[in-house]
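Report on the following structure.
All values below were derived from every heavy atom in this structure, side-chain atoms included, with hydrogens, water molecules and symmetry-related copies excluded.
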Amino acid sequence: MSKRLYTEFTSKDATSVSQILEHAEDLLRAAKALKKELDTFRDAPELNDQIISVLQRHNKKILSSTQLLAQHETAIAGQHEHGSHKVQKLDGDGRSSRNVPTALVIPSLVALTRWTPDDIPSSGLPPLPPVLDPTLEQAALTHAGMTTKPTDMSYERLEWIGDAYLYLMSTSFIYQTFPNLSPGRCSQLRERLIKNGTLSNYTIQYEINKRTRFPAEFDLRGRIGGSAASQNAKKKVLGDVFESYVAAAILGNTEGLSRVSSWIKSLWSTTIANEIREQYRVQASLTYNDPNKDGNDDNSQKVTKQDLNPKVLLSQAVGAKGVKILYKDVGEPKMDKNSGKLPWYTVGAFFDGFGERNLQLGLGSALSKKEAGANAARAALENKNLIKRLQKKKEESIESAKLAESAQQEYDNWS
């Protein structure tokens, strides 16, 4: 059988000079439009939201044009490099396949901003973005066990790309939304978003699994003459399918990343909705300013109670000379119900002083001992009756100390 030349496979997709000129003209038009709008802000003292909005709007067009030109360059270079070859190569092993794309589209840059309560859907899940490239969609929904030839595409390589995108996007959203969260706690929050349990649930909720081609052992009945895959194995596979679908939706065209990032931001917000709302509530309370006060007033610069660590507030409320507030572990760490594998610590706040010994003020739990201790202090502060009783003892102790000091002073003067 005669072999077909490489050019026979690629001639219909060959880049023409007219296409390059068209995209070059698009780039020039976008750049001129950007310059024209920026000229109106030439005398602005500093960057503002309007300027940023102009940049974002025009940069989208500029990046799209530059990426298309870059793809033309890659395509032409590839044709030149392989022009003398008789067949198209795949990974250098001599095998060829019409099902393997010769290049992937580079997604446009996108700004990943913080979560707000407005991002949380009022009901249901946000609409699933489509995969616009049929080849990538078929690959994303095909298990490696369902391929017949080494060159057939499956979701394995796309899953690798999707995993990286999800890792980056989740990190960015958490970093933007929770500015005061420790790196360790940020990692724990990210784990909740990208673990197999979470992603496999998304796959089932969107019914992506019903569109995916799996080997028989991943069916509920298992394969004939064999056994069904374990629940952990199914969960892992379903999580991989979700990652591959994300990659296919992103790489399907230049606007894929923008659509997917908006969708995944909304989807993830349903998983950590409580944390997002709490963070928004805390930030709103910290940034509140009395409208009757001048913004330059020294009072507006003072530290508010919400800024202080609950441990500091508790010490200010009941602490005194000779008093100790101790934070101790209570029981053995349990397993966090959200992650399924991270330790969940419980810490108690205990009081020594004013005749009290090892008095439990409050208990707190969290993924770190530091945060659990802060929660214990916060619980103690919410026990108003106990705090009032200790504050009364504190006042009595201070008054007694003053009387003793006064009596000592009188004795020293007499002697």
Atom NZ of Lys265 with >12 non-hydrogen neighbours under 6.0 angstrom | yes
CA sep, side-chain torsions, deciding dist, call: Ser170, Tyr165, side chain to side chain donor-acceptor pair (under 3.5 Å) | CA-CA 8 Å; Ser170 60; Tyr165 272 112; over 6 Å; no
In Å and rounded to the nearest 0.5 Å, what is the OG1 to CG distance from Thr177 to Leu112?
-> 10.5 Å
In short, ring-ring contact (aromatic ring centres under 6.0 Å, His included) pairs touching residues 131-160 with sequence neighbours left out are His143-Tyr155, His143-Phe218
Out of curiosity, Asn209 CG to Phe214 CZ, how far, rounded to the nearest 0.5 Å?
-> 6.0 Å
Test side-chain contact (heavy atoms from CB on, under 4.5 Å) on Cys186 and Tyr175 and set out the steps.
-> CA-CA 8 Å; Cys186 286; Tyr175 180 82; over 6 Å; no
Going from CZ on Arg277 to CD1 on Ile120, what distance comes out if it is rounded to the nearest 0.5 angstrom?
-> 4.0 Å
State, to 0.1 Å, how close Thr270 and Pro121 come at their nearest heavy-atom pair, and which atoms those are.
-> CG2-CD, 3.5 Å
Shortest non-hydrogen contact from Ala349 toward Tyr327 = CB-CE2, 3.6 Å
On a heavy-atom basis, the closest approach of Pro343 and Tyr345 is CG-OH, 3.6 Å
N-O pairing of Glu207 and Lys210 below 4.0 Å | yes
Report the distance from atom CG of Asp240 to atom CG of Asp163, rounding to the nearest 0.5 Å.
-> 8.5 Å
Heavy-atom nearest pair, Thr346 first then Ser365, reads OG1-OG, 2.8 Å
Would you say Thr212's side chain and Ile208's backbone share a donor-acceptor pair under 3.5 angstrom?
-> yes
Closest non-hydrogen atoms of Leu193 and Leu199, given as atom of the first, atom of the second and distance, are O-CD2, 3.6 Å
Closest contact, heavy atoms only, Val347 versus Ala376 = O-CB, 3.4 Å
Is the distance between the ring centroids of Phe354 and Phe351 under 6.0 Å?
-> yes
Check the pair Leu128 / Tyr245 against side-chain contact (heavy atoms from CB on, under 4.5 Å), numbers first and verdict last.
-> CA-CA 10 Å; Leu128 183 70; Tyr245 189 94; 3.6 Å; yes
Spacing of Ile194 atom CD1 and Leu166 atom CG [to the nearest 0.5 Å] | 7.5 Å
Does a salt bridge link Glu278 with Arg281, judged by any charged N lying under 4.0 Å from a carboxylate O?
-> yes
When rounded to the nearest 0.5 Å, the distance separating CE of Met169 from OG1 of Thr171 is 10.5 Å
Does a salt bridge link Glu275 with Arg192, judged by any charged N lying under 4.0 Å from a carboxylate O?
-> yes
Centre of Tyr167's six-membered ring, under 6.0 Å away, within 45 degrees of the axis: is that where NZ or CZ of Arg190 sits?
-> yes
If you draw a 6.0 Å radius around NZ in Lys334, do more than 12 non-hydrogen atoms from other residues or ligands fall strictly inside?
-> no
Just by modelled atom types, is the Ala380 backbone N or O under 3.5 Å from a matching donor or acceptor in the Asn383 side chain?
-> no
Kindly determine whether Asn253 and Arg259 satisfy side chain to side chain donor-acceptor pair (under 3.5 Å), including the steps that lead there.
-> CA-CA 10 Å; Asn253 76 327; Arg259 285 199 299 268; 3.0 Å; yes
Should the heavy atoms of other residues, nucleotides or ligands under 6.0 Å from NZ of Lys394 be counted, would the total exceed 12?
-> yes
Between Arg389 and Glu356, does at least one N-O distance fall below 4.0 Å, as a salt bridge requires?
-> yes
Taking atom NZ of Lys370 as the centre, report whether more than 12 heavy atoms of other residues, nucleotides or ligands fall under 6.0 Å from it.
-> no
Please list, one pair per line, the donor and acceptor atoms closer than 3.5 Å that link side chains of residues 316-324 to other protein atoms, with sequence neighbours excluded.
none

Please state whether the rings of Trp115 and Phe173 are parallel, tilted or perpendicular, taking 30° and 60° as the class boundaries.
-> tilted
